[in-house]
Amino acid sequence: MSVAGKQPPPAPLERPGSLLVPTWTKTGIALLYDEVSENAYDIRLKLTKEVLTIQKQDVICVSGSDRSANHRTVTLHRQPVGGLGLSIKGGAEHKVPVVISKMFKDQAADQTGMLFIGDAITQVNGINVESATHEEVVHLLRNAGDEVTITVQYLREAPSFLKLPLGSPGPSSDHSSGASSPLFDSGLHLNGNSANTAPSSPSSPIANEPKYEKRWLDTLSVPLSMARISRYKTGTDKLRSNAFEVLALDGVSTGILQFYTAQESADWLRAISTNISDLTLQNMKMANKCSSPSDQVVHMGWVHERLEGTDSSQLYKFKFLALKGSSFYIFSTPPVSTLDWVRAEKMYNLCEVLFKIHKMKNHILKHIFQLWLADDCWLQANLYFGIHQDFDFEDHRPYCFSVMVGHGKSHCFNVELGSELAVWEKSFQRAIFLEVQRTGSKTYMCSWQGDTLCFTVDFALGFTCFDSKTKNVLWRFKFSQLKGSSDDGKTKVKLLFQNPDTKQIETKELEFQDLTAVLHCIHSFIAAKVASVDPVFIDSQSIARKYMYSN
């Protein structure tokens, strides 16, 4: 197809993640889930542009001679009204220590300034209670006399089922009864078995007495550059409920981050994904500074690849994909230097791949369009923008796509967010269109009835077939003259062209060594031709965006 005038130059690189929201800075409370013990622990997350930090509460000495708050020994004076002024939870029967679950303002425990909600009691009057049941500790504290000395250690990973309040101790009006249960507060504010009814006065402050505070402390920092996220249990289709895991480039993991609501989980997932995408964009810009204009990175990022096992079970592994220059790359780990690009697991020519979105099984949509071109001819073609399936995709995960390559092979991928799927769809289109415009034409060796021929797909001229020896042109047709095709699924294809003079359909039969690559190339060139004439049309056909918004 000839187009009057000069072809428009390739569009400048735009940010692939333009569908995402701006960079996030964020803090909030979450849970850290331990898959071994099946317990979840309260943590605080702190997100910056480059790092996700996990913080855990601990008690620290902020002044005085004692710089170690690991173990604190405190003497309580039982008061006639209020008793010890605290409540406890936990016990060995639940495989957790007994912890202080409540403290009552201006009563004995609170007056010490050395005890905190979440402190695990390890000794009572010198008796070790680390393996004691809840009832045993309650009995010991109630019968310990007027002066009770306890040794405590702050429990940084208190299981969430204990339901301990976060932050500093505050006033409470809940004076529990004498009944005790390991998962409910057992109040020790009563008098206990004491004959002394005289009120006890709090001890006077001692010079240089250590002072303690409960604070959130950084325990793990995960760099977000080239980091990856997974909501799935490893190697399965099982989606974690309101939870995901963040893994750094070096393999360091946050562990399973759980959230109290689906909305919180979605907000954090989007925020972290956005920051990872922004850092990836920075890495792309750095890589492109060292590359020629024809070898620029259009997009790259982590995905899950579906692998078929010998027993037909589905396994998923992390892969890092990149669209760079003329090629589509698949890596096991990201390329961090120029030399790393040669160690890709797979590499395919972009003109010979076909991007397809998995929306639902057997779902086929066909886009038929007619565009008025500059040379006053109509372009009529049937293009399958990422959704036509000639085999069944039975994915249990959302946001899946395939990249079909030569010899009928394909790679199936999954991403975490609908916005990521839309970015990959747009990026593949841009990378392929840019490569078609840079290449201009592709020629393949073929044969028919014993003759060796050359078949050329040309961005400006359309289709040309010529003799490989004499170079004589046997036939030539514009893109607009292609009216249909059929193939045997192996090597042979029939192309149906309309003769411009007779208006009759002419059938051209050819045989290729890699028929799939040739058909993908034809699709790429026709789609790129349409995009050069009407880019808005391509955007309007985005299947990923429609899928994302409908879900």
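By convention here, the first residue in the shown sequence is residue 1.
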>> Holding to side chain to side chain contact (heavy atoms under 4.5 Å, CB included), I want the full list of residues that pass it with R231, two or more places apart in sequence or in another chain.
In response: L239, F244, L269, Y399, E416
>> To the closest 0.5 Å, what do you measure between NE2 (H94) and OG1 (T133)?
In response: 11.0 Å
> Who passes side chain to side chain donor-acceptor pair (under 3.5 Å) against Q282, sequence neighbours left out?
Replying inline: none
> Rounded to the nearest 0.5 Å, how far apart are CD of E425 and CD1 of I357?
Replying inline: 4.0 Å
>> Check for me whether the distance between the ring centres of F328 and F428 falls short of 6.0 Å.
In response: yes
> Can you list the residues that meet the side chain to side chain donor-acceptor pair (under 3.5 Å) rule with S332, with sequence neighbours excluded?
Replying inline: none
>> I'd like to check the side chain to side chain contact (heavy atoms under 4.5 Å, CB included) partners of T73; sequence neighbours left out, ordered by chain and number.
In response: T149, T151
> To the nearest 0.5 Å, how far apart are OG in S273 and CD in E420?
Replying inline: 5.0 Å
> Residues two or more places apart in sequence or in another chain: which of them pass side chain to side chain contact (heavy atoms under 4.5 Å, CB included) with S241?
Replying inline: none
> Would you call K324 and D295 a salt bridge, using N to O less than 4.0 angstrom?
Replying inline: yes
> Which pairs, with at least one residue in residues 219-228 and sequence neighbours excluded, count as a side chain to side chain donor-acceptor pair (under 3.5 Å)?
Replying inline: T53-S221, S225-N283
>> Suppose we screen for salt bridge (Lys or Arg N to Asp or Glu O under 4.0 Å). Which residues come up paired with E50, at least two apart in sequence or across chains?
In response: none
For a quick test of your reading: what N or O donor-acceptor pairs under 3.5 Å do the side chains of residues 113-121 make, sequence neighbours left out?
unit_1: D119; atom_1: OD1; unit_2: R72; atom_2: NH2; d: 2.6
unit_1: D119; atom_1: OD2; unit_2: R72; atom_2: NH1; d: 3.0
unit_1: D119; atom_1: OD2; unit_2: F116; atom_2: N; d: 2.7

> How many angstroms lie between NZ in K49 and OG1 in T25, if you round to the nearest 0.5 Å?
Replying inline: 9.5 Å
>> If the condition is side chain to side chain donor-acceptor pair (under 3.5 Å), which residues does R156 pass it with, not counting sequence neighbours?
In response: none
> Strictly under 6.0 Å, is that where the ring centroids of H358 and F401 end up?
Replying inline: no
> What residues form a salt bridge (Lys or Arg N to Asp or Glu O under 4.0 Å) with E35, not counting sequence neighbours?
Replying inline: R240
> Do F331 and Y329 have their ring centres less than 6.0 Å from each other?
Replying inline: yes
>> Could you work out, with side chain to side chain contact (heavy atoms under 4.5 Å, CB included) as the rule, every residue matching D267, not counting sequence neighbours?
In response: K26, Q263, R270
> Nearest heavy-atom pair of C400 and L421: which atoms, and what distance?
Replying inline: O-CD1, 4.1 Å
> Y260: what forms a ring pair (Phe, Tyr, Trp, His ring centres under 6.0 Å) with it, not counting sequence neighbours?
Replying inline: none
> Can you tell me how far CD of Q123 sits from CG of L140, rounded to the nearest 0.5 angstrom?
Replying inline: 11.0 Å
